[in-house]
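Below is one structure, written out as structure tokens; the observations come after it.
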Amino acid sequence: MADKKMVEEITSMDVDFAQWYTDVVKKAELIDYTSVKGCMVIKPAGYALWELIQKHLDQRFKEAGVENVYLPMFIPESLLQKEKDHVEGFAPEVAWVTHGGLQPLQERLCVRPTSETLFCDFYKNDIHSYRDLPRVYNQWCSVVRWEKETRPFLRSREFLWQEGHTAHATEEEALERTIQMLNVYADFCEEVLAIPVIKGQKTDKEKFAGAVATYTIEALMHDGKALQSGTSHNFGDGFAKAFGIQFADKDNTLKYVHQTSWGLSTRIIGAIIMVHGDNEGLVLPPKVAPVQVCIVPIQQKKEGVLDKAYELRDRLNCHFRVKVDDSDKSPGWKFAEAEMRGYPLRVEIGPKDIEAGKCVICRRDTRQKVEVALEELEAKVEELLEIMHHDMLERARSHRDAHTYTAANMDEFVQIFNEKGGFVKAMWCGNEECEVQIKERLSVTSRCIPFEQEQIADTCVCCGKPAKKMVYWGRAY
RNA sequence: CGGCGCGUGGCUCAGCUUGGUAGAGCGCGGCGUUCGGGACGCCGAGGUCGCAGGUUCAAAUCCUGUCGCGCCGACCA
């Protein structure tokens with residue numbers, strides 16, 4: 001009966017991965033749907049996760065010299081129009097404000113889908129001299145893109161993110177910053193979220209509208225699909241010329257600034273779910289888990305049990321995020337609940353333990369239980385959280401490596417995507433036509449041209465002409 | 001924007017074919033017994049059946065329209 005019920009709660013990954021994802025998102029109480037399609041309520045469990053992601057990432061930004069600002073959410077249509085590629089890229093999915101109260105507006109306002117144009121408009125007046133450079137600003141905000149197809153975290157019409165926008169005196173400095181921030185994202189993903197990523201450059205077809213070059217970190221989900229998990233763009237002086245952002249350099253000549261932008265969104269929560277989750281529910285990386293240790297009292301009405309549970313909580317509270325589940329539910333219910341919500345460690349404490357001066361700790365990722373003497377609790381919790389992070393990262397890395405293939409020709413390429421999915425490393429001639437063909441035939445896209453290149457073959461996997469680069473290919477979210 | 005599906009207590013749904021007193025399970029509140037992997041008993045609260053028209057003595061049910069949500073495709077973080 002118990003087992004049957006659990007099976008009904010969360011659809012198995014192997015049966016229907018999309019349904020599993022939706023079930024986990026709902027059962028772990030990360031979000032709720034609302035009456036507006038593609039707009040979600042991020043509930044306490046989900047928002048606490050985002051806050052911890054923000055905290056860790058923002059700290060890394062500060063160490064990289066980033067300052068936070070806030071710009072408006074409205075962009076006048078004329079401003080959006082200034083950079084041609086940019087407006088063509090975003091126009092199909094912007095939401096427009098046409099009225100203020102009952103009065104039609106003279107010029108309609110778009111709700112920001114991204115803020116390049118606003119930053120440019122601001123920098124135009126803010127930057128006059130080389131002494132004003134560089135500008136390394138970031139904002140935490142929400143943006144709106146009127147997507148047709150929506151999914152919680154992965155593709156919503158409004159989503160939370162941070163967008164960094166920088167302006168530099170030289171091309172070299174801008175490029176350096178682009179790569180620096182990409183590395184911040186990659187390190188953050190591995191060191192904090194336990195998600196291994198591939199770093200590389202987007203092809204021209206896949207790059208950001210208006211960018212000279214887009215760099216990306218790509219992660220592989222449990223179902224073998226890829227997720228672009230963060231991007232960093234080098235704009236060169238394209239936006240500067242479109243917006244007229246000039247400064248007087250040391251030699252007293254007017255020069256255009258070179259710009260970058262980089263972003264990471266709540267989509268990364270989707271990555272956490274799909275990289276680490278299992279059939280019991282969410283598995284949260286210890287460093288961003290809103291609850292790292294959940295204490296479950298057994299026979300909590302017996303004298304002294306709850307007191308002991310609170311005492312352990314108070315001890316652990318100094319170093320970890322802890323909660324006691326002192327609800328009226330049965331222990332079994334609490335175990336399942338803690339697993340669904342992805343709490344990294346669960347401490348079980350009952351009369352037998354108290355008498356023996358110990359407790360039981362259960363790891364979420366492996367569900368292994370160990371008995372621990374109460375006096376060693378803090379040390380053991382710290383050790384287990386550390387090990388869990390390490391193991392989760394290694395498990396995700398092995399999964400990714402085991403689902404990364406090489407294809408020397410189109411037959412191999414097609415066979416892998418028909419039978420397995422995952423990442424495929426294959427050579428590319430550099431021609432967009434080949435990307436289009438591959439996409440039409442297999443709905444596979446180029447994920448990135450990785451920084452770490454290998455020579456898989458001499459010819460393009462698609463057309464057979466001489467190859468220029470090795471590319472990671474995959475089906476993507 | 002195309003395809004599919006769905007709107008009935010908080011949730012999941014039954015009821016609709018063949019019109020006639022609005023149901024179940026879970027959840028929720030109270031009391032009691034339980035407690036080491038989703039416990040159980042008793043009592044109780046809770047619904048303008050998405051919305052608008054129409055047909056009818058009578059509509060959750062039939063007809064027309066409309067709005068919304070979910071999933072799958074084309075486009076995107």
Side-chain angles (χ1 to χ4, degrees), chain A residues 1-10 16-19 21-23 25-27 32-40 88-94 113-114 142-163 185 202 205-209 214 216-219 226-233 261-271 280-281 296-302 305-306 325-340 346-354 359-360 362 367 369 371 439-440 443 445 475-477:
Chain A
M1 182 60 195
D3 281 358
K4 192 178 166 213
K5 221 172 181 180
M6 287 174 73
V7 171
E8 281 170 1
E9 293 277 337
I10 296 176
D16 183 345
F17 193 81
Q19 188 59 49
Y21 178 83
T22 310
D23 287 351
V25 160
K26 287 301 298 288
K27 298 293 179 190
D32 237 329
Y33 293 110
T34 68
S35 46
V36 180
K37 178 186 166 72
C39 295
M40 58 193 179
E88 281 175 8
F90 282 99
E93 55 180 4
V94 296
T114 178
S142 76
V143 289
V144 169
R145 299 180 187 178
W146 216 251
E147 303 288 350
K148 308 276 195 275
E149 161 74 16
T150 62
R151 294 195 65 189
F153 295 120
L154 299 174
R155 199 181 295 113
S156 47
R157 283 184 174 168
E158 181 185 11
F159 57 91
L160 303 177
W161 78 346
Q162 56 69 217
E163 47 177 328
Y185 289 149
K202 285 287 186 190
K205 181 175 184 298
E206 300 289 328
K207 79 181 181 191
F208 180 85
T214 289
T216 177
I217 50 171
E218 298 283 325
L227 187 76
Q228 179 176 316
S229 305
T231 48
S232 188
H233 314 290
S261 84
W262 21 276
L264 181 141
S265 74
T266 38
R267 172 179 256 198
I268 202 73
I269 294 175
E280 269 63 53
V296 178
I298 312 292
Q299 296 197 50
Q300 66 188 33
K301 287 192 179 157
K302 288 238 169 104
V305 173
L306 268 182
D325 188 348
D326 53 7
S327 68
D328 289 336
K329 307 291 188 188
S330 70
W333 195 93
K334 292 177 187 179
F335 294 169
E337 183 77 0
E339 279 165 11
M340 223 146 54
R346 187 178 73 233
V347 171
E348 303 173 20
I349 180 87
K352 283 188 281 180
D353 299 308
I354 295 171
C359 64
V360 172
C362 180
R367 300 174 85 200
K369 292 186 181 186
E371 289 195 345
K439 184 166 187 182
E440 282 175 1
S443 43
T445 51
R475 295 203 175 95
Y477 275 99

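B:G47 is unpaired under the criterion used here, namely a Watson-Crick or G-U wobble arrangement in which both key atom distances are under 3.5 Å. For B:C62, the paired base is B:G54 (Watson-Crick or G-U wobble, both distances below 3.5 Å). The partner of B:U33 is B:A39, by the rule that a Watson-Crick or G-U pair needs both atom distances under 3.5 Å. Remark: B:G23 base-pairs with B:C13; criterion is Watson-Crick or G-U wobble with both hydrogen-bond distances under 3.5 Å. Within the shown strands, B:C1 is the pairing partner of B:G73 under the Watson-Crick or G-U definition, both distances less than 3.5 Å. Across all strands shown, B:U18 forms no Watson-Crick or G-U wobble pair with both distances under 3.5 Å.
Applying the salt bridge (charged side-chain N to carboxylate O under 4.0 Å, His left out) test to every pair with at least one member in residues 327-338 of chain A, sequence neighbours left out, gives these pairs: A:Glu337-A:Arg341.
For the P atoms, the distance from B:G15 to B:G3 is 27 Å, rounded to whole Å. Between B:U21 and B:C26, the two C1' atoms lie 25 Å apart (nearest whole Å). Nucleotides B:A45 and B:G50 have their P atoms positioned 25 Å apart, rounded to a whole Å. Using C1' as the reference atom, B:C11 and B:G70 are 16 Å apart when rounded to the nearest Å. B:C1 sits 8 Å from B:A74 when the C1' atoms are compared, rounded to a whole Å. Distance noted for atom P between B:G65 and B:C4: 16 Å (whole Å). For B:G19 and B:G9, the P atoms lie 24 Å apart once the distance is rounded to whole Å. For the P atom pair drawn from B:C31 and B:G47, the interatomic distance equals 23 Å after rounding to whole Å.
Side chain of A:Tyr21 to main chain of A:Pro152: a donor-acceptor pair is present (N/O by atom type, distance under 3.5 Å, no hydrogens or angles). Between the A:Tyr33 side chain and the A:Cys39 main chain, no donor and acceptor come within less than 3.5 Å of each other.
Residues passing the salt bridge (charged side-chain N to carboxylate O under 4.0 Å, His left out) test with A:Glu218, sequence neighbours excluded: A:Lys202, A:Arg447. Annotation: side chain to side chain contact (heavy atoms under 4.5 Å, CB included) contacts of A:Ile354 (sequence neighbours excluded): A:Val305, A:Lys308, A:Ile349. For A:Asp353, the salt bridge (charged side-chain N to carboxylate O under 4.0 Å, His left out) criterion is met by A:Lys358, not counting sequence neighbours. For A:Asp16, there are no salt bridge (charged side-chain N to carboxylate O under 4.0 Å, His left out) partners at least two apart in sequence or on another chain. For A:Phe159, the ring-ring contact (aromatic ring centres under 6.0 Å, His included) partners at least two apart in sequence or on another chain are A:Trp161. Listed by chain and residue number, A:Thr214, A:Thr216, A:Gln228, A:His233 satisfy the side chain to side chain contact (heavy atoms under 4.5 Å, CB included) test with A:Thr231 (two or more places apart in sequence, or in another chain). Applying the salt bridge (charged side-chain N to carboxylate O under 4.0 Å, His left out) criterion to A:Glu348, with sequence neighbours excluded, gives A:Arg346, A:Lys369. Every residue two or more places apart in sequence or in another chain was checked for a ring-ring contact (aromatic ring centres under 6.0 Å, His included) with A:Trp333, and none qualifies.
A salt bridge does not link A:Glu93 with A:Arg157: none of the charged nitrogens is closer than 4.0 Å to a carboxylate oxygen.
Among the heavy atoms of the strands lying under 4.0 Å from A:Val360 is at least one base atom, whether or not backbone atoms are also near. Using a 4.0 Å heavy-atom criterion, one finds that A:Gly350 contacts the bases of the nucleic acid, with or without backbone contacts as well. Contact annotation for A:Met40: no contact, since no heavy-atom pair falls under 4.0 Å across all strands.
Straight-line distance from the CG atom of A:Asp325 to the C1' atom of B:G36: 15 Å, rounded to whole Å. One atom, CH2 of A:Trp333, and another, P of B:G36, lie 15 Å apart when rounded to the nearest Å.
Annotation for A:Lys302: atom NZ does not count as buried by contact number, only 12 or fewer foreign heavy atoms lying within 6.0 Å.
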Report each atom pair, protein N/O against N/O of nucleotides 33-35 of chain B, whose distance is under 3.5 angstrom.
residue: B:U34; atom: O4; partner: A:Lys301; partner atom: NZ; Å: 3.1
residue: B:C35; atom: O2'; partner: A:Gln299; partner atom: N; Å: 3.1

Which atoms of nucleotides 6-13 of chain B (N or O only) lie under 3.5 Å from a protein N or O atom, and what are those distances?
none

Original post:
Along nucleotides 70-77 of chain B, 5' to 3', which nucleotides get a B, which get an S, and which get a -, given that the test is a protein heavy-atom distance under 4.0 Å?
Top reply: SSB-BBBB

